[in-house]
Asker: 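Below is the structure I would like to discuss, written out as structure tokens.
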Protein chains: 2
Amino acid sequence: MAKFIKANDCHACPYKSYSLTKLDGTDIDNIQNNCLIVTFKRGENICKQGTEVTHALYLAKGSVKLFVEGKNKNLILKLINERKYIGLQSLFGDRIYNYTVAALEDSQICMINADIILKLAQSNVEYLFELTKTLSESTNFVYKKIVDINQKQLRGRLADILLYFSETVFKNPTFDLKLTRKELAEYSSMSMENTVRILNEYKKDGIIGIDGRAFTILQPEILRKISELG
Amino acid sequence: MAKFIKANDCHACPYKSYSLTKLDGTDIDNIQNNCLIVTFKRGENICKQGTEVTHALYLAKGSVKLFVEGKNKNLILKLINERKYIGLQSLFGDRIYNYTVAALEDSQICMINADIILKLAQSNVEYLFELTKTLSESTNFVYKKIVDINQKQLRGRLADILLYFSETVFKNPTFDLKLTRKELAEYSSMSMENTVRILNEYKKDGIIGIDGRAFTILQPEILRKISELG
DNA sequence: TTATAACATTGTTATATATCAATGATATAA
DNA sequence: TTATATCATTGATATATAACAATGTTATAA
């Protein structure tokens with residue numbers, strides 16, 4: 001696995017979580033003393049489905065995919081960007097990961113002893129409240145996702161996802177996806193071949209531009225119409 | 001809508017939440033003074049997708065379905081039984097329901113002013129911690145569900161669901177489902193016709209017994225095998 | 001008691017989508 | 001530079017599933 005270093009200045013860390021503002025100095029010291037900063041290369045697993053939760057995972061820098069490993073295919077449930085906690089529901093829940101998280105690019109994860117974080121959360125209501133809000137938002141996201149996947153067919157689904165990337169994630173009509181076609185397929189719950197096919201359909205129709213993994217949304221209104229039609 | 005009464009003795013309520021044990025007497029009084037007990041008949045909506053969260057919803061008695069209303073079809077994400085909170089993620093999250101909850105049988109809901117509950121949660125870490133654990137478990141459940149739906153095909157899905165009802169929900173090989181065939185289909189994310197077809201396939205093969213909405217699992221091992229095959 | 005609606009069942013047909021297969025393009029290592 | 005693997009593309013085929021249609025069954029209300 002990857003290199004790790006001990007955290008040495010969480011107070012001044014430019015990547016620190018907003019939730020830390022709810023903690024006082026000694027609590028942050030406590031985190032710092034129980035935190036390893038681990039660097040993962042693209043493709044490396046950060047946590048593995050079926051294993052026990054021993055640490056809270058905070059993505060300081062980089063981006064990761066959270067996916068469920070099925071028998072034949074994987075399903076990517078969400079992409080997580082920097083300055084976000086990963087998998088709080090497993091920390092507060094049954095303490096077993098029911099998904100795998102892997103780096104999409106070189107990423108830095110702060111691994112904080114799970115018991116320490118739980119104890120902290122139980123002694124600081126403002127901090128716990130922040131974590132709970134985060135967890136709630138993440139749950140709401142997955143609720144929306146499960147529906148997208150089950151209510152629309154391929155073209156609508158892919159249209160939605162392209163709009164989501166451009167408007168919500170990158171906030172730019174042009175964006176550089178860190179996903180292979182296969183990963184994009186796993187995110188859309190469709191076959192890789194159909195993903196490619198439909199992307200190129202959209203390209204041929206002038207709805208999007210594609211250059212490798214860089215996409216440009218040329219006609220968002222058309223995508224929105226496709227999304228609405230299902 | 002349904003009849004409601006004011007809560008008058010939360011302390012001694014036989015349906016009270018475990019999380020209330022974390023609150024002291026005056027806090028419970030506070031809940032009691034801001035709680036309406038509303039009775040819903042089967043089919044009535046308890047909260048509606050797209051509307052604002054004004055109350056925390058606690059299912060004291062009965063059972064409900066939580067589902068997302070799509071364009072053509074609904075998707076039931078989970079069934080909730082008595083003595084459970086409903087939709088904590090909306091309370092702590094963006095305060096908009098992105099699903100509808102409806103009663104499956106006559107049910108009693110405690111509706112507690114949202115701001116009161118949030119204030120209470122923010123002043124009592126043990127209570128908040130219980131709610132967060134509940135929320136986490138519920139999130140984990142939906143994670144599993146999204147995968148079940150997307151990784152298996154009809155027969156495996158339905159096998160899983162029958163096993164889930166008998167082993168996890170009712171803890172009995174015989175159980176009386178409160179779902180119509182259409183609702184069971186919406187829970188399995190498949191068409192009503194195929195639901196009926198496959199159920200009757202299983203019946204003809206002696207794997208299950210069916211009498212209206214009462215089911216008996218006769219050969220769980222076969223169901224498990226079907227589930228594994230996909 | 002009959003009429004009406006909701007629910008359940010079964011067969012048929014259409015189609016969206018996965019799967020299979022082959023080939024091309026690009027990056028990586030030897 | 002060539003070899004090798006990963007990734008992307010395109011076409012052809014098979015099939016799981018939804019959608020349609022018709023009818024039977026049960027509950028509910030008038």
Side-chain angles (χ1 to χ4, degrees), chain A residues 41-44 65 70-76 102 104-105 148-159 161 176-205 208-215 226-227 229-230, chain B residues 41-44 65 70-76 102 104-105 148-159 161 176-205 208-215 226-227 229-230:
Chain A
K41 290 210 191 74
R42 169 165 172 107
E44 285 185 317
K65 59 176 174 178
K71 224 176 168 182
N72 310 303
K73 56 181 175 183
N74 298 332
L75 177 64
I76 298 179
L104 288 172
E105 61 187 316
D148 285 350
I149 290 181
N150 285 287
Q151 303 261 345
K152 288 183 182 174
Q153 48 198 57
L154 303 193
R155 266 154 261 267
R157 236 139 79 197
L158 206 50
I161 286 169
D176 199 4
L177 253 199
K178 291 176 195 82
L179 302 176
T180 64
R181 296 294 187 269
K182 182 151 172 283
E183 285 172 324
L184 184 54
E186 287 172 353
Y187 188 74
S188 327
S189 188
M190 56 200 267
S191 73
M192 191 246 250
E193 292 91 332
N194 279 331
T195 306
V196 170
R197 235 182 293 269
I198 295 170
L199 282 177
N200 289 330
E201 247 176 65
Y202 290 167
K203 183 187 182 181
K204 206 188 313 171
D205 295 345
I208 62 172
I210 308 180
D211 178 19
R213 288 174 198 170
F215 295 81
I226 293 170
S227 154
L229 291 174
Chain B
K41 290 212 191 71
R42 173 171 167 102
E44 285 184 318
K65 60 176 174 178
K71 223 176 168 182
N72 311 302
K73 56 181 174 186
N74 298 332
L75 177 65
I76 298 178
L104 287 172
E105 60 187 317
D148 285 350
I149 290 181
N150 285 287
Q151 302 262 343
K152 289 183 182 174
Q153 48 197 56
L154 303 193
R155 265 154 263 268
R157 235 141 76 197
L158 205 51
I161 286 169
D176 199 5
L177 254 198
K178 291 176 195 81
L179 302 177
T180 65
R181 297 293 187 269
K182 182 151 171 281
E183 285 172 325
L184 185 54
E186 287 172 352
Y187 187 74
S188 325
S189 188
M190 55 199 266
S191 73
M192 192 248 250
E193 292 91 331
N194 279 329
T195 306
V196 169
R197 234 183 294 271
I198 295 170
L199 282 177
N200 288 331
E201 247 176 66
Y202 290 167
K203 181 187 183 182
K204 207 188 312 170
D205 295 346
I208 63 172
I210 309 180
D211 178 19
R213 289 173 198 171
F215 295 82
I226 293 170
S227 154
L229 292 174

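Residue numbering restarts at 1 for every chain, and letters A, B, ... go by the order of the sequence lines.
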Asker: Considering only NZ, NE, NH1 and NH2 on the basic side and carboxylate oxygens on the acidic side, decide whether A/Arg42 and A/Glu183 come within less than 4.0 Å.
Answerer: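 Salt bridge flag = yes for A/Glu183 with A/Arg42.
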
Asker: Take atom CG of A/Leu154 and atom P of C/dT19, then tell me their distance rounded to the nearest Å.
Answerer: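 In whole Å, C/dT19 P and A/Leu154 CG are 12 Å from each other.
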
Asker: Any carboxylate oxygen within less than 4.0 angstrom of a Lys/Arg side-chain nitrogen, looking at B/Glu186 and B/Lys182?
Answerer: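 Here B/Glu186 pairs with B/Lys182 in a salt bridge, since their nearest N and O are under 4.0 Å apart.
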
Asker: Which part of the nucleic acid does A/Thr180 contact within heavy-atom distance under 4.0 Å: base, sugar-phosphate only, or nothing?
Answerer: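 Result for A/Thr180 = sugar-phosphate.
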
Asker: Measure across A/Phe215 and A/Arg181 and return the closest heavy-atom pair with its distance rounded to 0.1 Å.
Answerer: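 Closest approach of A/Phe215 to A/Arg181, heavy atoms only: CZ-NH1, 3.9 Å.
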
Asker: Does C/dT10 have its OP1 or OP2 closer than 4.0 Å to a side-chain nitrogen or oxygen of B/Arg197?
Answerer: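 The answer is no; no side-chain N or O of B/Arg197 sits under 4.0 Å from OP1 or OP2.
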
Asker: Roughly how many Å is it from CD in B/Gln153 to P in D/dT15, rounded to a whole number?
Answerer: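 Spelled out: CD on B/Gln153 to P on D/dT15 is 12 Å.
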
Asker: Rounded to the nearest Å, what distance is computed from the NZ atom of residue A/Lys152 to the P atom of nucleotide C/dT17?
Answerer: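 After rounding, the gap between these two atoms is 13 Å.
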
Asker: For the pair made of NZ in B/Lys182 and C1' in D/dT25, what is the distance, rounded to whole Å?
Answerer: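 Interatomic distance, NZ of B/Lys182 to C1' of D/dT25: 18 Å.
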
Asker: In this structure, how many angstroms lie between the C1' atom of C/dG11 and the CD atom of B/Glu201, rounded?
Answerer: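 So the two atoms are 14 Å apart, to the nearest Å.
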
Asker: Are the side chains of B/Lys178 and B/Arg213 in contact, using a 4.5 Å heavy-atom criterion?
Answerer: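 In short, these two side chains do not touch, never coming nearer than 4.5 Å.
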
Asker: Reading DNA chain C from 5' onward, which residue's closest nucleotide shows up sooner: A/Glu193 or A/Arg157?
Answerer: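 Per heavy-atom nearest nucleotide, the more 5' residue is A/Arg157.
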
Asker: Closer than 4.0 Å, any side-chain N/O of B/Asn194 to the OP1 or OP2 of D/dA18?
Answerer: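 Yes, because at least one side-chain N or O of B/Asn194 sits under 4.0 Å from OP1 or OP2 of D/dA18.
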
Asker: For B/Ile210 and C/dT9, give me the distance from atom CD1 to atom P, rounded to whole Å.
Answerer: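 Value for this atom pair: 7 Å.
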
Asker: Please work out if A/Arg213 contacts a base, only the sugar-phosphate, or nothing of the nucleic acid, heavy-atom cut-off 4.0 Å.
Answerer: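 Sugar-phosphate, backbone atoms only, no base.
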
Asker: Classify the nucleic acid contact of B/Met192 as base, sugar-phosphate or nothing, counting any heavy atom under 4.0 Å across all strands shown.
Answerer: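 Base, at least one base heavy atom under 4.0 Å.
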
Asker: In whole angstroms, how far is the C1' atom of D/dT17 from the NZ atom of B/Lys73?
Answerer: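 Going from NZ in B/Lys73 over to C1' in D/dT17 covers 10 Å.
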
Asker: Take atom CG of B/Asp211 and atom P of C/dT9, then tell me their distance rounded to the nearest Å.
Answerer: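 The answer, rounded to whole Å, is 11 Å.
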
Asker: Hey, mind stepping through A/Asn150 and B/Asn150 against side chain to side chain contact (heavy atoms under 4.5 Å, CB included) and telling me if it holds?
Answerer: CA-CA 8 Å; A/Asn150 285 287; B/Asn150 285 287; 4.2 Å; yes

